[in-house]
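The structure appears below as structure tokens.
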Amino acid sequence: MTNSYSMKRSIIFTLLIMVLLISVVLGIGIGAISIPPSEIVRILLSHVPGLQYYFAKGWAPEHATIVLTMRFPRVLLAALVGTGLALAGTVFQGLFRNPMADPYVIGVSSGAALGAVGSILLQSVVDIPLRYGIPAFAFVFAIITILLVYNLARVGGKAPVMNLILAGVAVNSVISALVSLCMFFSGNQLHQVLFWLMGGFSGRGMDYVYIFIPYGVVGTAIIFVYARELNAMLLGEEAAEHLGVEVERVKRRLLIAAALLTGACVAVSGMIGFVGLVIPHIVRMIFGPDHRTLLPAVALVGASFLLLADILARVIIAPGELPVGIVTALVGGPFFIYLLRRQKSTMF
Amino acid sequence: MLFNILGVTCGYGASPVLKDVNVQINSQDFVGIVGPNGSGKSTLLRTISRVLKPTHGKVLLDEKDIYQMSGAEVAQKMAVVSQEQGLDFPFTVKDVVMMGRIPHLKRFAREGSRDFAAVARAMDLTDTAVLADRQVTELSGGEKQRVLLARALAQEPQILLLDEPTSYLDINYQIEIMELLVRMRRDYGLTIIAVLHDLNLASRFSDYLLVMKKGCVHAVGTPHQVITIPMIKDVYGCEVRVECSSSERPYMVFNAETKPAAGGSARRVHVVGGGGSGVQIFRNLLNAGWQISSGVVNVGDSDWQEACRLGIRVIEAPPFCPVGADEAALNKEMMQKAEFIILAGIPFGTGNLRNLETVLEEAERGARVIVVDNIDINERDYTGGQAALLYQKLLQSGVQTVNSEWEAMQLMEGSAGNAI
């Protein structure tokens, strides 16, 4: 029984990894100039240290440029953001034992957005081109928001889940209003702000990947470290405490980790909805609630999902491009509803 | 000494729920915590389970303050089965029980053979092995409770804290779980501290009871010392009977009946019964406000016991002795004071034949006699025809005949206006 289960699990994981690799190749290959998969693989592998001598340069040099400087960074970033948002969503849902929790509900995404929109306006006012200003502001505001929510929810040294959600919803609505206010006063910056808010990976280069990676790595590492504690906390905070989990400490660290990830995602790609909400649900339906398998699966599925959504965003109105946030909502929403209708019996 | 709870004051907000509570619990004790709702039982349990830090005082476990110890350190020694089940996620039973090993596992360590053995044993003891691969969300309340107990046992604790562990269980599982706890204590030296709502369950299984009242410890002691009528009146504010034969633990029974208003104005009835025939009618009559006398019955007879419990005047004969002349005279006296005489459908033997004779005499004298004629007299005549003869005579002497005790009461109630 255990064997057949772990076998099934490794088959599914293999499939998920294959889907991700195929999505990466597709994402690089599809575009105004399409590049065949074998060429993509060779170009990429030739840049892996130690392998460069095994791959003869049998490709057009402009293809290599497109792959390496334009498409690969974008695809990589989409995959990272997909992973980050999905993991953050998993953590929020697990911590709050609430299917509706995601980076948006708790206000972290809006906080990041406020930082980003604010920095766009600031640039226009003080006339300093802050190239990395947007991510930095988005990131700082995400952390500030989660700290604010946590402290608002705190009663006598503890922050009960219900309080956290209520505080999150309240803070979120205030911040959303502030974002709208910024937009109202943004004048000729409105287009830039709007475009940013809709989310996407258009024109993102490796520099964005480098911005993302430190926060992404730290956040993800913390989350994986506490997988077992997350399981225990699904039984209720008191039950977790009875099992020796230092609930408040774990909760604080996980909140910070999820805020790190969300802030980094919003910072590099704007507001992309539905990934953090839908992906954890779908994966939980397949794998069950055990975070030790759930988290890696969520990471893989989130990456593939956002990659494929980005491909769609690029091809639907080619040569134009849709903001990917619209695509994720349009594709993810109905699929999610379909799944919920099918599995009404389970809680998540 | 294992647990030492020193001057613990504790609460959620301004007003303390626990006030200066001092308790000592020794290793391998089975302690039941009882008390009315809101008396602080669960709060006390949460305080000693390292969930709710007291505002004053300390909780010492083996001389160490549990709030200075790490969560895992405490959880290795102490497991908790709380009232909230919290099994809302589709984990398998196996997974949930395995979570009991969390305090013993190093971070990133995989579960080893020792962990699997502990889980298997816990599931075996709680009868949950058959559920191993089921999802906990699909289980009944009782099954969930046993899974939670299994998880606690998988922790291999020295101390087991339970908050109303039987509240979701059917009666058979209530006893089974309690007996399992007793066995765990005996076989593994577990110390058990359980909040129990059911006083009788608490009395039956605990070595010591801790009675909580309004956030204070009202009494501590063995069930015999603690489960008393005054304690229950004091703590719960209700009247009960406490019964205790010498070999058993005391148990209490609620007096559901309201006591009839005292005073001479109550109407009187005399019941001639025995062998349990009066048990049903006594209470109904009392509830309806009648003042009852009964006799003659033997000491120890179930009617006699019930009459004593209810404080009914009863004319008694020594055990296994026939009704004597003195008793019969007393009985007659009581009959004459009563407005009605009820003769229940009792069997007659040589021992109580005199009762029938007395009733007949009274009937012939013109007293209002109601005969409950629910069983043919020939089937309950063990005197070789004497009783049947008297009975026929009685029926012809102008008595009223009814089919049940209930009808007898209706008859008496109906005559309220035109009696006397």
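Proteins come first, then strands; the chains are lettered A, B, ... in the order of their sequence lines, and each starts at number 1. Just so you know, these numbers come straight off a predicted model, no measurement behind them.
Across every non-hydrogen atom of Pro289(A) and Pro90(B), the tightest pair is CD-O, 3.5 Å.
Contacts with chain A (heavy atom to heavy atom, under 4.5 Å) involve these residues of residues 149-160 of chain B, listed by number: Arg151(B), Gln155(B). Along residues 123-132 of chain B, no residue comes nearer than 4.5 angstrom to chain A, judged on non-hydrogen atoms.
Considering CD1 of Ile102(B) and CG of Asn231(A), their distance stands at 7.0 Å, rounded to 0.5 Å. With values rounded to the nearest 0.5 angstrom, Met99(B) atom CE is found 7.0 Å from Leu234(A) atom CG. If you take CG on Asp290(A) and CZ on Phe91(B), they are separated by 6.0 Å, rounding to the nearest 0.5 Å.
In this structure, chain B has no heavy atom under 4.5 Å from any part of Val247(A). Residue contact with chain B, scored on non-hydrogen atoms closer than 4.5 Å, involves the side chain of Glu229(A) exclusively.
Scored by the side-chain contact (heavy atoms from CB on, under 4.5 Å) test, Ala303(A) finds Leu20(A), Ala79(A), Thr83(A) as partners (sequence neighbours excluded).
A salt bridge links Glu111(B) with Arg292(A): the distance from a Lys NZ or Arg NE/NH1/NH2 to an Asp or Glu carboxylate oxygen falls below 4.0 Å.
Applying side-chain contact (heavy atoms from CB on, under 4.5 Å) to Ser49(B) and the options Glu238(A), His242(A), Glu241(A) leaves one that passes, His242(A).
Among residue pairs with one or both ends in residues 214-225 of chain A, none qualify as side chain to side chain donor-acceptor pair (under 3.5 Å); sequence neighbours excluded.
Across Thr92(B), Leu148(B), Val51(B), Val96(B), the residue that shares the most heavy-atom pairs under 4.5 angstrom with chain A is Val51(B).
Enclosure of atom NZ in Lys58(B) is not indicated, since only 12 or fewer non-hydrogen atoms of other residues, nucleotides or ligands lie within 6.0 angstrom.
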